[in-house]
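Quick caveat, the model's predicted, so the values are computed rather than measured. Atom set for the values below is all heavy atoms of this structure, side chains included, hydrogens, waters and symmetry mates excluded.
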Amino acid sequence: MDLKSEIPITSKMLRLLGLWCCWAFSSVSSDSTTTGRSTQLYVQPHLSIGSCLDYCHFRFIPFLPCIDDNNQFASSPAEACGRGNCDAEHFELNYRTSDGVQVESRRNHVERTRLGRLANLRELCLDDRGFPVRRRCEIRNGTTAWQSLSNITCRTGRKLSSNLHRLAVEGPPDMIIRLSHLLRQSHEPLKPVDIFSIGQIFESLLEKPKNASFVTDLLDICLRVMATDWETLHLSAELNATNTLLSNFEDYLDALPPQIVPKESCSVEAMGHSHVSGVNGVYALISNELSVFFVNPDCANVTGIAIHSVGSDRQEGASPHAAVFGYSPLSSSESLENIRARKGLETAAFVPEPLWRSLKQKGATYLVFKVYTRDSLFMETESSARIPSSAVISISIPGMKDNSLPLKLPFFLRNGNTHSSLMAGGGCGYWNYETWLSDGITTCSNDSSDPIILCHADHLTQFSFLLGISRSQTGVDQYEDDRTLDMITNVGLSLSLFGLLAIFLTAALFRRFRRLASTKVLLNLCLALALQTLLFMDIGKGELLRFVQFGDSCLIGGALMQYFLLVVFSWMLIIGFLQFKRYVKVIGVTYPRHYIFISALVAWTLPLVPTLLLVELDPASYRPPQESPDMPPTFLCYPSGHGLYLAVVLPIALVTLANALMVGYITFSVYRALNRRGQHVLQQLRLFVLLFFLLGLTWIFGFCSYFQWGRAFSYLFCLMATLQGFVLFVYFIIFNIDNRLAWLHLICKWKFREELDIVALRAHDKSAFSRSSQVSNSSNN
């Protein structure tokens with residue numbers, strides 16, 4: 001259960017409370033002798049939907065009642081506040097003259113526009129960057145009003161820009177024909193404002209009845225835009241013009257299959273000399289840079305297409321749009337090996353039979369494929385190392401309300417640079433109309449030298465093979481960081497296991513060490529740490545729980561991980577309390593009888609409470625998102641949502657806070673007692689480092705990483721938290737003179753027995769003298 005999923009529920013509850021208040025208030029108002037307006041919760045001379053935002057503060061307090069434009073309480077304030085309009089208006093606007101020095105006033109106009117929307121000006125107005133100026137309908141003083149443009153001085157556009165802008169504003173029925181004519185007549189390069197106007201025209205075209213005869217004109221217009229230089233397209237992306245054009249272009253094509261490949265006829269006719277008439281229910285419009293395929297699978301069970309270069313062998317590093325392309329239809333029963341083996345293959349995609357049967361039950365009828373050999377329309381506004389190195393193939397299924405797929409959809413892409421390494425960041429990705437991402441995409445080729453890459457997707461959109469993006473991450477830097485962090489974690493955990501084993505071995509061999517009360521507490525902590533570490537490392541490989549059903553293994557693994565983590569923190573809290581009594585309350589410290597048994601009982605049983613509660617109340621929270629039966633055994637199941645916050649993060653945060661306060665107080669007390677003359681600095685530093693690791697304060701870095709306060713905290717956390725067992729070994733075995741001498745006695749046996757006895761006696765006398773000196777100094781003070 002995710003915390004974000006609870007927000008709408010809370011909002012609905014608050015809204016119900018608000019509606020109840022509205023009902024109660026309206027009941028009182030109806031019985032009153034005064035009018036409804038005199039008993040409002042707030043008094044404003046202009047009652048309008050705008051007051052919902054300005055005076056009820058609907059954005060921040062959603063349950064306060066609001067008054068709609070009929071002076072009635074709004075049952076849905078959000079909808080009421082968005083129903084306002086700014087009326088059409090004539091206004092004056094300053095323009096620079098042709099010499100660029102003088103300024104003159106010109107009459108302009110905006111049409112009626114909904115609240116919050118931007119309206120195009122009838123006469124083109126450009127700012128200093130050459131971007132079109134638009135006017136927003138907004139709320140001011142509780143009423144809808146047009147944005148002020150008094151501080152704007154416009155620049156006029158060239159003739160082509162003005163004509164395209166006027167065409168976008170007026171939106172005549174023959175806008176596509178006129179747009180094509182304007183672009184054919186003009187040989188001037190397009191500007192960002194021109195691409196913006198073309199996108200607006202495409203958006204207006206979507207609102208009109210669809211006409212299949214426009215399809216060739218739409219392709220020619222897109223090809224003209226795709227031929228624009230990179231700098232202009234990048235500026236257009238800042239206006240969101242390239243995304244607007246791309247989205248509207250694809251949406252219009254997705255509405256045309258019933259006219260182009262109708263269900264009642266499987267024969268299709270060509271619409272132009274540069275386009276290919278298809279067979280078997282496939283209509284193809286092919287060019288070197290943009291091709292579109294409309295498919296009716298009912299005709300010949302064709303559910304995919306394969307694009308291949310013809311005329312000459314494909315050279316590595318050559319531009320894809322420099323070749324001449326052909327296509328082949330693919331049936332739903334095609335073999336992946338046969339598709340990959342096709343000569344000159346550039347890209348291919350098909351819907352397998354099981355997936356198509358499932359999609360037909362959801363209303364799927366047609367398929368539409370678009371292949372872009374230029375990535376001109378896929379522009380990121382920020383610089384990125386994620387660069388498409390193949391053609392971009394777009395797959396859509398008209399009639400599907402959801403782009404998610406019940407089964408994986410395979411597609412092939414040509415690797416544009418076989419010298420790049422998949423493990424260094426190459427992989428398949430998709431365009432989300434902002435940047436290239438890779439979640440939901442699986443890259444199946446493991447050899448970076450493969451010329452053809454096989455990928456699988458669980459949703460529909462535009463796909464490409466990218467350089468600088470990994471299979472599971474969204475950036476090469478993050479991927480490299482994760483590999484480094486994994487290596488640090490594995491090395492740290494291995495060292496910790498070695499240290500914990502050495503502590504257990506020391507306790508088993510030396511009776512004097514294991515009989516100490518402090519050793520018994522330490523061994524409990526080490527046991528919990530060892531179990532947690534072993535479980536974490538094993539779940540990464542999936543060996544221990546592989547014999548259990550998937551859902552049960554996820555639940556068991558996540559619950560065990562949670563339980564042992566909480567046991568570790570329980571022991572760290574107990575040790576912190578014992579250390580506090582040892583260093584702060586030195587005199588008169590007493591411990592209850594059987595306190596070690598009581599501590600063990602609390603530390604090993606108390607964590608069962610939140611773990612079992614979460615298993616009983618919300619077992620689904622242990623399962624990873626987008627769980628599927630074919631999920632590989634490398635998943636990590638762990639609580640999520642409220643279960644994570646309440647049953648894991650909260651207790652860990654409280655223990656870490658308590659231990660941090662105790663470490664701070666212990667350090668201050670020791671400093672005040674021993675450092676008045678500037679002595680024992682090294683001992684104090686050693687004590688602080690020991691307590692820092694022993695009491696789990698390394699998890700402070702984990703919380704900083706969890707809240708994304710910096711990548712450095714992830715490195716500090718993985719470096720320090722995983723070394724906890726090894727640090728305990730260093731302090732309690734290597735640095736402890738008794739344990740060190742015990743090991744030396746065992747190793748050397750009788751060879752240096754007399755010398756070791758003398759060294760041990762001297763060390764014991766020195767330690768006793770140091771303790772007596774500290775007691776005497778404390779009594780004198």
Side-chain angles (χ1 to χ4, degrees), residues 116-120 127 129-134 136 161 164-165 167-169 171 175-176 179 183 189-207 218-255 289-292 368-388 390-396 398 403 428-441 457 459-464 466 469 474-475:
R117 300 284 183 86
L118 286 168
N120 293 322
D127 61 15
R129 299 185 64 192
F131 288 0
V133 174
R134 295 187 289 171
R136 182 182 299 276
S161 300
L164 292 176
H165 175 78
L167 191 61
V169 172
M175 64 179 76
I176 288 299
L179 173 60
L183 295 179
L190 296 178
K191 299 293 184 182
V193 62
D194 303 330
I195 299 176
F196 176 81
S197 297
I198 294 173
Q200 296 288 305
I201 294 172
F202 277 25
E203 186 172 357
S204 300
L205 187 66
L206 274 177
E207 301 174 358
L218 291 174
L219 261 67
D220 291 339
I221 294 169
C222 280
L223 288 171
R224 174 68 183 274
V225 174
M226 292 169 62
T228 307
D229 64 276
W230 184 91
E231 182 65 28
T232 300
L233 289 170
H234 189 266
L235 291 174
S236 303
E238 295 186 30
L239 293 169
N240 201 38
T242 51
N243 280 333
T244 300
L245 187 149
L246 177 65
S247 176
N248 293 326
F249 170 73
E250 294 219 348
D251 288 346
Y252 196 90
L253 294 184
D254 290 346
E289 296 174 354
L290 173 59
S291 302
V292 181
V368 182
F369 300 88
K370 305 102 177 173
V371 179
Y372 306 83
T373 57
R374 280 181 182 264
D375 61 344
S376 305
L377 299 180
F378 305 89
M379 299 295 297
E380 297 181 271
T381 56
E382 297 181 0
S383 59
S384 174
R386 297 163 287 185
I387 303 173
S390 71
V392 180
I393 182 168
S394 173
I395 308 169
S396 56
N403 284 334
C428 295
Y430 71 94
W431 179 250
N432 74 336
Y433 288 92
E434 182 177 354
T435 188
W436 291 100
L437 300 176
S438 60
D439 54 287
I441 310 295
H459 59 274
L460 298 174
T461 182
Q462 302 95 354
F463 305 105
S464 180
L466 309 171
I469 185 169
T474 58

| query | Atom CG of Leu377 and atom CZ of Phe249: how far apart are they, to the nearest 0.5 Å? | reply | 8.5 Å

| field | Gap between atom CD1 of Ile198 and atom CG of Leu179 - 0.5 Å precision | value | 5.5 Å

| remark: Residues passing the ring pair (Phe, Tyr, Trp, His ring centres under 6.0 Å) test with Phe378, sequence neighbours excluded, are Tyr372, Trp431, Trp436

| said: Under the salt bridge (Lys or Arg N to Asp or Glu O under 4.0 Å) definition, can you give me all pairs with a residue in residues 189-204, not counting sequence neighbours? | reply: Arg158-Asp194

| field | Interatomic spacing from CD in Glu289 to CG in Asp375 - rounded to 0.5 Å | value | 11.0 Å

| remark: Separation between OG1 (Thr373) and CD1 (Ile393), nearest 0.5 Å, reads 12.5 Å

| What's the spacing between Leu245 CG and Asn240 CG if we round to 0.5 Å? | 11.0 Å

| remark: The side chain to side chain donor-acceptor pair (under 3.5 Å) partners of Glu434 (sequence neighbours excluded) come to none

| task | List in chain and number order the residues that pass side chain to side chain donor-acceptor pair (under 3.5 Å) with Arg136, two or more places apart in sequence or in another chain; answer none if no residue qualifies. | result | none

| task | Side-chain contact test, heavy atoms from C-beta onward, threshold under 4.5 Å: evaluate it for Met175 versus Ser204 and give yes or no. | result | yes

| Could you go step by step and tell me if Leu205 and Leu218 meet the side-chain contact (heavy atoms from CB on, under 4.5 Å) rule? | CA-CA 11 Å; Leu205 187 66; Leu218 291 174; 3.9 Å; yes

| Check against side-chain contact (heavy atoms from CB on, under 4.5 Å), Arg224 and Asp220 | CA-CA 6 Å; Arg224 174 68 183 274; Asp220 291 339; over 6 Å; no

| Looking only at heavy atoms, which two atoms of Ser438 and Cys428 are closest? And how far apart? | CB-O, 3.7 Å

| What are the two closest non-hydrogen atoms of Gly429 and Ile441, and how far apart are they? | N-CG2, 4.4 Å

| task | State which residues pass side chain to side chain contact (heavy atoms under 4.5 Å, CB included) with Thr228; sequence neighbours excluded, sorted by chain then number. | result | Leu190, Ile195, Thr232, Leu233

| For Thr244, which residues count as a side chain to side chain donor-acceptor pair (under 3.5 Å) partner, sequence neighbours excluded? | none

| message | If I compare all heavy atoms of Arg134 with all of Ala119, which pair ends up nearest, and what's the gap? | response | CB-O, 3.3 Å

| query | Is a side-chain donor or acceptor of Asn120 paired with a backbone partner of Val169 at a separation under 3.5 angstrom? | reply | no

| request: Tell me, please, which residues at least two apart from Asp251 pass side chain to side chain donor-acceptor pair (under 3.5 Å). | output: none

| note | Sorted by chain and number, sequence neighbours left out, salt bridge (charged side-chain N to carboxylate O under 4.0 Å, His left out) with Asp254 holds for Lys370

| Modelled atom types, side-chain donor and acceptor of Ser394 and Glu250, under 3.5 Å | yes

| Which atom names give the shortest non-hydrogen contact between Ala237 and Met379, and what distance separates them? | CB-CB, 3.7 Å

| message | Ignoring hydrogens, what is the shortest heavy-atom contact between Val371 and Ala391? Give both atom names and the distance. | response | CG1-CB, 4.2 Å

| query | Heavy atoms, side chains only, cut-off 4.5 Å: are Leu239 and Pro132 in contact? | reply | yes

| request: Please report the closest heavy-atom contact between Pro192 and Ser236, naming both atoms and the distance. | output: CA-OG, 3.3 Å

| message | If the condition is side chain to side chain contact (heavy atoms under 4.5 Å, CB included), which residues does Glu231 pass it with, not counting sequence neighbours? | response | Asp229, Leu235

| query | In Å and rounded to the nearest 0.5 Å, what is the CG to CG distance from Leu223 to Leu219? | reply | 6.0 Å

| query | Can you check side-chain contact (heavy atoms from CB on, under 4.5 Å) on Leu460 and Ser396, steps first, answer last? | reply | CA-CA 6 Å; Leu460 298 174; Ser396 56; 5.6 Å; no

